[in-house]
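Single-structure report; data block below.
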Number of protein chains: 2
Amino acid sequence: MTKENICNCVDCEEGWLNFKVLSRDELEILEENRYEADFRAGETILKQSSPASNAVFLRSGMAKIYLEGQGSKNLIVSIAKPGIMIVGPGIYTDNRHSFSVSSINSVKACFIRIEVIKKLFGQNRKFAEGVIREMSRMSHWYLDKLMSMTQKKMPGRVAEVLLYLSGEVYGAGEFNPLLTRQELADMAGMAKESFVRILKEFSDEGIICSDCPDIKIMQKEKLQMISDNG
Amino acid sequence: MTKENICNCVDCEEGWLNFKVLSRDELEILEENRYEADFRAGETILKQSSPASNAVFLRSGMAKIYLEGQGSKNLIVSIAKPGIMIVGPGIYTDNRHSFSVSSINSVKACFIRIEVIKKLFGQNRKFAEGVIREMSRMSHWYLDKLMSMTQKKMPGRVAEVLLYLSGEVYGAGEFNPLLTRQELADMAGMAKESFVRILKEFSDEGIICSDCPDIKIMQKEKLQMISDNG
DNA sequence: TATATTTATTGATAAATATCAATGCAGCAG
DNA sequence: CTGCTGCATTGATATTTATCAATAAATATA
C-alpha cells in the first residue's frame, strides 16, 4: 500500500504536523468528521465570504490563497502546500471565510468541520497551542505583506515574489511558477504588464533568466537586495 | 476610592474583557506578574523587533500601533484603546514585537509577562478562546487593511481612515483626531501632502468640515460610498 | 493541421501619487 | 513683542504605476 492510499487520520503521514499531538481517540474524532475531495487545476476550494464551516488540509498539490476585491482584482496572499492548516481568522470572528482558495494543480484535500477543530482546541492544550501558532504565523505574514505593499516599490515587490516562490514554495533556484503572469502580478499587487516589464528588466540585467518556461534566479543576493531596499 | 485608584487585577474593571473568565487564583497570578507604567503623549510603549516579553493592556489613554519601515516611513495599523490586548503574533513566532506602540495622549498601562499569558492560555480553556478570538480579530483587520492598501485609491483610503476614527476610535461624528497630518497619512499609507489635499477636496465638496481643529463628518453616506468604491 | 482563444509582451499614453520648495500659521522661549 | 520651530497648506514638478492598444506567442479546439 502506497502512502497515497492511506485514507485514515490515525495513520496519516501527510496531514498537519499539529495533528501529531492528538491522542488516538482524538484522531478518531477527526477521522469521523473528515470529508475528502479532489480538485483539478483551477477549481475553487474555499470561497471568500461563504460560511466558514470547514478547515482545509491539503494532502497533495498546491493552492493559491487570495483576497477577492471589486472588479476581479485579486490579491494572492500566499501559496498553500500540504502540511499547513488552511483556515482564516473568520472562524473566530464573523464565521465567514476571510479569503478564497483555489487549486493551482491537482489537489487532494481533507475538509474538517470547524466545530471539531474548536472542540479539539478546547480539550487538548498542545493542539490549542499549535492552532494559535499557525494563526500567529499567518498574522505575521499578513503584517509583512502589509509592509511590502505599502512601502516597497514595484521592483522590490517583484523581487520578493520571486524569492518567495524560489524559497518557500518550490525550494529551488529554478522553477516553473505554475502561475500566469496575471497571478504573479496579483501576488505582487500590481498590473500584469508592470510585472512583465520588471521581469524583463531583471532578465536584461542578468539577475534572472526567464527565457525558458521556467524562471531561474541567477543572482540571489542582488534580488534579495532589491527586495530589501524596496 | 475612585475607579482610577484600583490597582489590583482581582477587582479591576478596566482590563481586558477576557480576564473576566479567570478564576480568583488565576487573577492573583496576573496580579503578581503585573507591571504598571505611565506614559506621556508621544512615548514609546513597545518597540518593534525588541524581545516580546510582555503583553500590554491600556488602563486609560490611547496608543497608535504601527509598523516601522525603512527611512522613517511608518504605517499605522490601528489605534488602541483600553479593553483590548496589545500583543503581536511575534509571541508565537519569532519572540519579537511585530510592531511598535506609542502613546497618543496620557496612558496608563499594565505590562504582563508573556509566559503568564501563555500559562493561562494552557490552563484555562475559556481564556485560550479569548486569546485566539482577539488574535483572529487582529488578523481579520490586517487582511482588511491589506485589501484597502492594495486596491483602494487615495480618496477611498482617506475616507476609510476618517470613518474608522469617527466610528471605532472616537464614536462621534465630530472629533479631534489627536494625530498630526503626517500620522493620519501614515494610517492611510500615503504622503502627508496627499492626505491634506484630499481632506481639502472633501471639505470643498461639503462631505466633511475641517476648518476647526476638529474634523466633522457632514455626509457619512457619501464618505462611506467613497470608502467602499475605492 | 488549421483555427480559435487565451496568455504574454511591448509601446504609447494617461492617471495616480510622491517629492520638492515655498509660504503660512500656531505655539513657545526669550 | 519678536523671532524660533514644528506643523500645515499649497503649487509646481517628477516619478511611479496603470491603462489602453497592438501584436506575438502559446495553448486549446475543431
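Quick note on labels: first sequence line is chain A, next is B, and so on, each numbered from 1.
We find that CZ of F195(A) is positioned 10 Å from P of dT9(C), with the value rounded to whole Å. We find that CE of M149(A) is positioned 16 Å from C1' of dT16(D), with the value rounded to whole Å. Between D186(B) atom CG and dC7(D) atom C1' the separation is 14 Å, expressed in whole Å. In this structure, I198(A) places its CD1 atom 15 Å from C1' of dT10(C), rounding to the nearest Å. Across the protein-nucleic acid pair, Q182(A) atom CD and dA18(D) atom P stand 11 Å apart, rounded to whole Å. Atom NZ of K192(A) and atom P of dT7(C) are 10 Å apart (whole Å). To the nearest angstrom, P of dT16(D) lies 11 Å from CD of E201(A).
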For nucleotides 15-17 of chain C, which of its nitrogen or oxygen atoms have a protein nitrogen or oxygen under 3.5 Å away, and what is each distance?
from: dT17(C); atom 1: OP2; to: M154(B); atom 2: N; distance (Å): 3.1

Between the protein and nucleotides 27-29 of chain C, are there any N/O to N/O pairs under 3.5 Å, and if so, what are the atom names and distances?
none

Could you list the protein-to-nucleotides 10-12 of chain D atom pairs, N/O on both sides, closer than 3.5 Å?
from: dG11(D); atom 1: N7; to: R197(B); atom 2: NH1; distance (Å): 2.8
from: dG11(D); atom 1: O6; to: R197(B); atom 2: NH2; distance (Å): 3.4

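Across the helix from dT1(C)-dA30(D) to dG30(C)-dC1(D), the helix axis at one end is tilted relative to the axis at the other end by 30° (nearest 10 degrees, each axis from five pairs).
Nearest heavy atom pair, residue A80(B) against residue I84(B), reads CB-CD1, 4.0 Å. Closest non-hydrogen pair, A52(B) versus I114(B), comes out as O-CG1, 3.3 Å. Here the closest heavy-atom approach between residue G83(A) and residue W16(A) is recorded as O-CD1, 3.2 Å. Between N105(B) and M62(B), the closest heavy-atom pair is OD1-N, 2.8 Å.
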Residues 165-179 of chain B, side-chain donor-acceptor partners within the protein, below 3.5 Å, at least two apart:
from: S166(B); atom 1: OG; to: A172(B); atom 2: O; distance (Å): 2.9
from: Y170(B); atom 1: OH; to: P177(B); atom 2: O; distance (Å): 2.7
from: N176(B); atom 1: OD1; to: L178(B); atom 2: N; distance (Å): 2.9

Would you list the atom pairs, donor with acceptor, under 3.5 Å between side chains in residues 189-210 of chain B and any protein atom, with sequence neighbours excluded?
none

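Screening residues 63-87 of chain A for salt bridge (Lys or Arg N to Asp or Glu O under 4.0 Å), with sequence neighbours left out, gives K47(A)-E68(A), K64(A)-E183(A). Residue pairs that meet the salt bridge (Lys or Arg N to Asp or Glu O under 4.0 Å) test with at least one member in residues 221-230 of chain A, sequence neighbours left out, do not exist here. Residue pairs meeting the ring-ring contact (aromatic ring centres under 6.0 Å, His included) criterion with at least one partner in residues 139-159 of chain A, sequence neighbours excluded, are W141(A)-Y164(A).
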Requested in this report: Using the side-chain contact (heavy atoms from CB on, under 4.5 Å) rule, take S103(A) and I45(A) through it: C-alpha gap first, then chi angles, then the decisive distance, then the call.
Outcome: CA-CA 7 Å; S103(A) 51; I45(A) 299 173; 4.0 Å; yes
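Heavy-atom distances to DNA chain D give each of K73(A) and L199(B) a nearest nucleotide, and the one nearer the 5′ end belongs to L199(B).
With sequence neighbours left out, K152(A) forms a salt bridge (charged side-chain N to carboxylate O under 4.0 Å, His left out) with E160(A). The salt bridge (charged side-chain N to carboxylate O under 4.0 Å, His left out) check on R137(A) picks up E134(A), with sequence neighbours excluded. By the salt bridge (charged side-chain N to carboxylate O under 4.0 Å, His left out) test, R133(A) is found to be paired with no residue, residues two or more places apart in sequence or in another chain being considered.
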